[in-house]
Amino acid sequence: MSKVTAVLIGAGDRGARAYAPYALEYPHEFEIVAVADPNMERLEKIAIQHQLSVDQTFETWEDLLNGEKKADVAIICTLDRFHFKPTIAALKAGYHVLLEKPMSPDPAECIEMERVAREENRLLTICHVLRYTDFWSNIKKVIVDGQIGEVVSVQLNENVEVMHMSHSFVRGNWNNKEKSSPMILQKSCHDMDILSYIIDKPCLRVSSYGSLMHFNESNAPAGAPKRCLDGCPVEDTCIFHAGRYYLGEGKGWARKFTEDYTKEGIVHALQTTPYGKCVYQSDNNVVDHQVVNMEFEGGVTATFSMCGFTREQTRIVQIMGTKGEIRGNMENNSISIYNFLTKHETNIKFNTPIGGHGGGDIAIMKNFLQEVKNYTDGTSLSSATVSLRSHLMAFAAEESRLQNGKSIEIDEFYNEISPV
Ligand SMILES: NC(=O)c1ccc[n+]([C@@H]2O[C@H](COP(=O)([O-])OP(=O)(O)OC[C@H]3O[C@@H](n4cnc5c(N)ncnc54)[C@H](O)[C@@H]3O)[C@@H](O)[C@H]2O)c1
């Protein structure tokens with residue numbers, strides 16, 4: 001196989017901007033041969049970029065997957081609740097699948113997808129892009145090399161960044177768990193996964209607390225209208241005023257809600273889409289902060305804290321081993337390794353990453369294409385099989401949060417939700 005061909009299902013932010021551009025950058029390795037998206041503006045745009053004819057574009061994934069198999073792989077980038085059906089259909093039609101995370105908001109569907117991939121002998125790789133970054137892959141290597149001895153405990157902080165919180169999880173696509181997924185699954189399945197990856201032992205039990213403490217109606221300023229542009233009395237002092245933000249420093253986010261990036265286009269979108277809503281009067285219900293305690297096999301522990309109220313978007317980690325310690329800040333793309341015996345500290349700064357997620361978006365594509373070319377079985381760095389376990393940690397954490405922090409045993413939880 002000289003180059004891998006793909007169909008793309010969902011030409012939104014992730015499909016069109018994170019993965020499809022790989023075909024334009026490396027046309028000798030990868031080609032998009034068909035796209036499905038009901039959004040006509042997006043479909044036309046991507047068709048021009050990838051020189052697709054009308055019969056290579058489809059309004060829905062059903063239309064695209066109908067008939068003859070069109071490519072080696074299917075890249076599935078629809079929203080969370082629309083992952084399951086196209087994934088099962090693509091696997092059954094013989095495609096290897098690269099699927100956006102989370103696999104599904106329904107644990108039984110995650111179990112089923114993993115099962116079907118094995119049954120059909122196809123790759124089902126989940127876009128846990130962090131595993132592919134210099135930052136996390138080098139941390140993993142330091143641990144595997146034994147440089148800090150046996151891992152005893154890990155602290156991981158996910159700093160969401162306050163405007164990112166308001167954009168994606170208060171106003172945006174992932175603000176409501178009935179429409180997308182609970183925050184711990186939607187945003188932090190990456191973190192459950194990375195903890196699973198670096199600790200490399202099964203997680204046995206979790207407990208969790210968290211709530212939607214700030215972005216709710218009780219904090220709405222007096223007289224604030226439902227939409228910021230309708231004459232809000234606190235326009236100048238509200239951190240989240242949609243007009244000031246999206247016409248100013250948040251202009252880059254406008255791509256999420258309009259194809260017209262002119263000021264008039266953005267204003268129109270703020271008057272008509274959820275992105276113009278007052279953050280205290282949206283239909284959001286996902287938490288704005290959550291903590292999780294975890295115990296892994298052999299007594300290894302981990303604590304995780306996701307919080308929307310931070311100035312930068314980053315992950316900060318401290319990994320404590322019997323012989324030393326690793327500390328790292330993903331935004332700085334640097335880690336330090338400390339040796340308890342020599343008291344020597346090694347500081348490593350990685351090269352500036354190319355592309356999103358610390359270089360993970362491009363690296364996962366490169367890796368996936370290699371895995372497809374050299375396919376023997378379903379093994380992949382972020383296969384559905386490894387991802388299922390970390391998704392279960394997220395589902396169990398949410399269950400615990402809803403039960404006031406009750407400790408949830410992962411194996412028992414799995415048996416309860418597993419389809420018979
Ligand atoms: N890996 C990561 O770090 C990461 C980061 C952000 C988002 N995501 C995930 O990526 C997925 C997509 O997110 P996004 O930001 O690209 O969303 P998006 O809304 O920008 O894109 C989704 C696209 O799917 C299209 N679509 C809807 N129904 C369809 C159908 N029946 N057939 C084909 N296409 C259809 C929509 O029109 C839209 O263009 C989500 O599941 C999200 O959780 C992952």
Side-chain angles (χ1 to χ4, degrees), residues 7-21 34-47 57-66 74-87 89-90 97-106 109-110 113 125-133 136 158 160 164 167-169 171-177 179-194 252-259 273-275 286 313 315 330 353 355-365 368 382 387 390-391 394:
V7 298
L8 174 66
I9 295 175
D13 198 33
R14 300 297 298 165
R17 296 193 190 92
Y19 306 122
V35 179
D37 199 304
N39 181 320
M40 286 303 129
E41 277 176 297
R42 288 181 174 180
L43 197 58
E44 277 164 26
K45 208 174 202 172
I46 197 161
T57 58
F58 301 85
E59 257 188 78
T60 67
W61 61 264
E62 288 96 333
D63 297 339
L64 187 153
L65 292 180
N66 240 335
I75 299 184
I76 301 183
C77 298
T78 42
L79 287 173
D80 306 3
R81 293 203 172 263
F82 305 97
H83 287 176
F84 178 68
K85 286 185 180 169
T87 299
V97 173
L98 181 70
L99 170 65
E100 258 306 356
K101 51 70 16 190
M103 294 167 74
S104 160
D106 178 346
E109 288 186 354
C110 298
M113 281 191 265
T125 295
I126 311 304
C127 292
H128 280 306
V129 288
L130 298 188
R131 285 187 180 227
Y132 299 83
T133 58
W136 290 106
E158 180 178 23
V160 177
H164 180 212
H167 169 80
S168 292
F169 306 104
R171 291 175 164 133
N173 278 342
W174 300 284
N175 71 343
N176 184 301
K177 61 179 193 276
K179 287 193 290 182
S180 61
S181 332
M183 188 78 166
I184 192 70
L185 181 68
Q186 161 49 228
K187 184 85 179 91
S188 310
C189 69
H190 277 316
D191 302 272
M192 298 299 108
D193 185 67
I194 217 71
W253 285 118
R255 67 172 195 271
K256 285 303 297 182
F257 53 82
T258 176
E259 298 299 314
T273 71
Y275 292 88
V286 301
Q313 192 179 334
R315 288 179 165 88
M330 213 185 147
H357 288 102
D361 290 352
I362 291 179
I364 194 173
M365 280 301 299
F368 178 66
S382 56
S387 302
S390 57
H391 273 55

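Just follow the structure's listing: the first ligand is 1, and inside any ligand the first atom is 1. Side chains are part of it too, since the values below use all heavy atoms of this structure and drop only hydrogens, waters and symmetry mates. It should be emphasised that the depicted structure is a prediction, and the values quoted were computed from it without experimental measurement.
- Relative orientation of the H190 and H128 rings is perpendicular, given thresholds of 30° and 60° on the angle between their planes.
- Among all non-hydrogen protein atoms, the one lying nearest atom 11 (C) of ligand 1 is T78 O, 3.3 Å.
- The closest protein non-hydrogen atom to atom 40 (C) of ligand 1 is D80 OD1, 3.3 Å.
- Near N173, with a cut-off below 4.0 Å to any heavy atom, the atoms of ligand 1 are 17 (O), 19 (O).
- Contact atoms of ligand 1 toward H83: 41 (O) (distance under 4.0 Å to a heavy atom of the residue).
- Remark: ligand 1 atoms within the under-4.0 Å shell around heavy atoms of T60 are 32 (N).
- For atom 31 (N) of ligand 1, the closest non-hydrogen atom on the protein side is W61 CD1, 3.4 Å.
- Taking only nitrogen or oxygen atoms, main chain and side chain alike, C127 reaches within less than 3.5 Å of ligand 1.
- Proximity to A36 (heavy-atom distance under 4.0 Å) selects the following atoms of ligand 1: 33 (C), 34 (N).
- The line from CD of Q186 to OG of S168 is 8.0 Å long, rounded to the nearest 0.5 Å.
- Of all the listed residues (L130, D37, N39), D37 holds the heavy atom that lies closest to atom 36 (C) of ligand 1.
- If you number the atoms of ligand 1 from 1 as listed, the ones under 4.0 Å from a heavy atom of Q186 come out as 43 (O).
- When the heavy atoms of G12, G356, S181, P38 are ranked by distance to atom 29 (C) of ligand 1, first place goes to P38.
- For K85, the NZ atom is loosely surrounded, since the number of other residues' heavy atoms within 6.0 Å does not exceed 12.
- Look at H190 and you'll find a heavy atom under 4.0 Å from some atom of ligand 1.
- Of all protein heavy atoms, the one lying nearest to atom 6 (C) of ligand 1 is R14 CD, 3.4 Å.
- Closest approach of D80 and S181 over heavy atoms only: OD2-OG, 2.6 Å.
- Not a single heavy atom of F58 sits closer than 4.0 Å to an atom of ligand 1.
- Of all protein heavy atoms, the one closest to atom 12 (C) of ligand 1 is C77 O, 3.3 Å.
- Using 4.0 Å as the threshold, F82 has no heavy atom nearer than that to any atom of ligand 1.
- Atom 9 (C) of ligand 1 has K101 O, 3.3 Å as its closest protein atom, hydrogens excluded (heavy atom only).
- When K256, E62, R17, E100 are checked for heavy-atom proximity to atom 14 (P) of ligand 1, K256 turns out nearest.
- For the residue pair Y275 and T258, no side-chain donor N or O sits within less than 3.5 Å of a side-chain acceptor on the partner.
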